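Each remark here refers to the structure printed beneath this line.
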Amino acid sequence: MKKTSVYSFVFGILGTFVGTLPGYTLADMRITVPAASLSSVTGKASKQDLSVLSVQDQSGDDDRWNSYVEFYPSSDGYQGEFTFSLPDSYAEETISDITFFVNYRGPDRSEQRWYWQIKDFSTNRWVDLVDNQSAPSWEWTVISAYVNDHPDRFVDAGRTIKLRYATDDDHDDSDLDYVAVKVGSTPADDADDGSDDDANDTAHWQPTPGTSWQIQIMEDIDTSYNVNVYDIDLFDATEEVIDELHAQGKKVICYFSAGSFENWRPDADQYPESVKGESNGWSGEKWLDIRQIDILGKVIEPRLDDAREKGCDGVDPDNMDGYANTTGFPLTYQDQIAFNVWVAELAHSKGLSVGLKNDLDQIEDLVDHYDWAVNEQCVQYEECELLLPFIESNKAVFGIEYEGSPNDSCPVANEMGLDTLFKDIDLTAERIDCKNY
């Protein structure tokens, strides 16, 4: 729950979000499909069996030759086409999204651009997907691209997906340790028919502007406040407290940090050193390499399961803007988008509402994926206008101010439709509600 710097970054690849290997399970059908074949059109690939690409087992400076495939450009570069075959059952499915994953090692983009394209069967053209922009030189890096803009156009009548791996020059070779696509779908009968009923299919709670709330992370929870919503710590909150709040007719949001490592949490030993970066300025915390979603998913998904089992109505994942901070990793705008979308979809798959914490410069890209927002100090830093997409979507913005005067700040928050509290930095029970000003 920290204030961080934010910077603008413009991107766009046909509605694609770039990040890392999701390990989630959504309510709809979702399967991971390994590459069925590879044909080199220009240049050549080493002779390892294609099955080595179905397992990601290289990281850092690992160099186990039999675990990856090497790609050799000719004088005209390299161009190879991967084919992925969906099971026959997908003939009756509507494709909802496609995520492409690769574990890449090779030159960084300043030395040589290696890139991936996906075949658009509706136009019979190859469309740019992602390249090695986020990869440091000759260090294994997991990259992915998420496609949800009419993804059915990338699946042909034979239920195959084609990806092209290419470079346009012969500066250096590259290696791939893992190549796969994850495909989400819904039964054709459940596809959106354009009716109003489809808008109400969601099972998760979505608070609207004007929802009163309290946030308390430290000390024993004071359940006496007459508010609609409590935001409390996922680990420290007991089921008894959650049950008590529910008995009072209150909703419960459960806080946890998704983008940072906290060394006091009971699952702290589940984080390998490879995902831990620089300190985020708080004792015992480090930024995480959000590109490694395959690893982080093994921690975050059980946390969401715990939230659901405890009875939390929603979750408040913190530290969702690492890309705008000094994390120790070369995180990009797209890496953050991919991670944040993944967290939201995973929470929704568990029937949990989910809020976007801070991350102001990405709100335009994320507002449709999140049910509400939590923001710290937007009045103090004169940033509240960036939160208006949530208000305009009839989604609550829960604001927190730590400094300044309620007499000065609360009218600003109230005018914009924010539900803002003045709190101490430790987030104990004490509060001043801007609605009283």
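On a predicted model such as this, the values are computed, not experimentally measured, just so you know.
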- Message: Return the CG to OH distance between Asp294 and Tyr178, rounded to the nearest 0.5 Å.
- Response: 8.5 Å
- Message: Please check this pair: side chain of Asp313 against backbone of Ser353, looking for a donor-acceptor N/O pair closer than 3.5 Å.
- Response: no
- Query: With side chains defined as the heavy atoms from C-beta onward, is the minimum distance between Trp114 and Phe71 less than 4.5 Å?
  - Reply: yes
- Message: Would you compute the distance between atom CD of Gln216 and atom CE of Met218 and round it to the nearest 0.5 angstrom?
- Response: 9.5 Å
- Cut-off 3.5 Å, side chains only: do Asp128 and Gln117 have a donor facing an acceptor? yes
- Below 4.0 angstrom, N of the basic side chain to O of the carboxylate: do Glu244 and Lys250 qualify? no
- Task: Provide the closest heavy-atom pair for Thr160 versus Ser85 in the form atom of the first, atom of the second, distance.
- Result: CG2-OG, 4.1 Å
- Query: Going by distance alone, is a donor N or O of one side chain under 3.5 Å from an acceptor N or O of the other, for Tyr255 and Asp231?
  - Reply: no
- Lys/Arg-Asp/Glu bridge criterion (N-O < 4.0 Å) met for Asp88, Arg159: no
- Task: Verify the distance criterion only: is there a donor paired with an acceptor across the side chains of Asn325 and Asn280 at less than 3.5 Å?
- Result: no
- Query: Hey, what's the ring geometry for Phe100 with Trp116, parallel, tilted or perpendicular (30° and 60° as the breaks)?
  - Reply: tilted
- Would you call Asp177-Arg105 a salt bridge at under 4.0 Å N-O? no
- Item | Distance, nearest 0.5 Å, that separates CD1 of Ile295 from CG of Asp289 | 8.0 Å
- Where the side chain of Glu285 meets the backbone of Ser279, is there a donor-acceptor pair that is under 3.5 Å apart? no
- Examine Lys44 relative to Tyr72 and say whether NZ or CZ is less than 6.0 Å from the centre of the six-membered ring and inside a 45° cone about the ring axis. yes
- Task: Measure from the side-chain N and O atoms of Asp233 to the backbone N and O of Cys254, and report whether any donor-acceptor pair falls under 3.5 Å.
- Result: no
- Message: Within the structure provided, determine whether Trp205 and Ile253 are in side-chain contact (heavy-atom separation under 4.5 Å).
- Response: yes
- Mind checking whether Tyr104 and Ser174 have side chains closer than 4.5 Å, heavy atoms only? yes
- Do the side chain of Ser212 and the main chain of Asn228 share a donor and acceptor less than 3.5 angstrom apart? yes
- Item | Passing candidate, salt bridge (Lys or Arg N to Asp or Glu O under 4.0 Å) with Asp120, options Arg125, Arg164, Arg153, Lys162 | Arg153
- Query: Less than 4.5 Å apart, any side-chain heavy atom of Leu366 and any of Asp359?
  - Reply: yes
- Query: Asp172 side chain to Pro107 main-chain N or O, any donor-acceptor pair under 3.5 Å?
  - Reply: no
- Item | Donor-acceptor under 3.5 Å (Ser393 side chain, Pro389 main chain) | yes
- Is Asp306 paired with Arg303 through a side-chain N to carboxylate O contact shorter than 4.0 Å? no
- Item | Test item: Leu421 and Trp213 side chains (from C-beta on) under 4.5 Å apart, heavy atoms | yes
- Query: Can you check whether Glu111's main-chain N or O pairs, donor with acceptor, with Asp108's side chain at less than 3.5 Å?
  - Reply: yes
- Item | Lys395 side chain to Tyr370 backbone, donor-acceptor under 3.5 Å | yes
- Using the side chain to side chain donor-acceptor pair (under 3.5 Å) rule, take Asp365 and Tyr333 through it: C-alpha gap first, then chi angles, then the decisive distance, then the call. CA-CA 11 Å; Asp365 294 314; Tyr333 185 104; 2.5 Å; yes
- Message: Between Met416 and Leu387, is there a side-chain heavy-atom distance shorter than 4.5 Å?
- Response: no
- Close aromatic pair by centroid cut-off 6.0 Å: Phe235 and Phe256: no
- Side-chain donor-acceptor pair present, Asn319, Ser260, cut-off under 3.5 Å: yes
- Item | Over all atoms of both residues, closest heavy-atom pair of Ala347 and Val315 | CB-CG2, 4.1 Å
- Does one side chain, of Asn358 or Glu376, offer a donor that lies under 3.5 Å from an acceptor on the other? yes
- Contacts of type side chain to side chain donor-acceptor pair (under 3.5 Å), residue Ser40, not counting sequence neighbours: Tyr78
- Side chain of Glu81, backbone of Ser39: donor and acceptor closer than 3.5 Å? no
- Message: If only side-chain N and O atoms count, and only distance matters, is there a donor-acceptor pair under 3.5 Å linking Tyr68 with Ser46?
- Response: no
- Query: With no hydrogens and no angle check, do the side chains of Thr167 and Gln112 hold a donor and an acceptor under 3.5 Å apart?
  - Reply: yes
- Query: Which atom names give the shortest non-hydrogen contact between Tyr323 and Asp361, and what distance separates them?
  - Reply: OH-CB, 3.8 Å
- Carboxylate-amine/guanidinium contact Asp267 Arg265, below 4.0 Å: no
- Message: Salt bridge check, Arg109 against Asp131: does any charged N sit closer than 4.0 Å to a carboxylate O?
- Response: yes
- Message: I want to check something: taking the side chain as every heavy atom from C-beta on, are Pro209 and Val397 in contact at a cut-off of under 4.5 Å?
- Response: no
- Message: Less than 6.0 angstrom from the centroid, inside 45 degrees of the normal: does Lys119 satisfy that with respect to the ring of Trp126?
- Response: yes
- Message: I'd like to know if the side chain of Lys423 reaches the main chain of Ile215, judged simply by a donor and an acceptor atom lying under 3.5 Å from each other, with no hydrogens or angles considered.
- Response: yes
- Item | Under 3.5 Å side-chain donor-acceptor pair for Tyr115 and Asp168 | yes
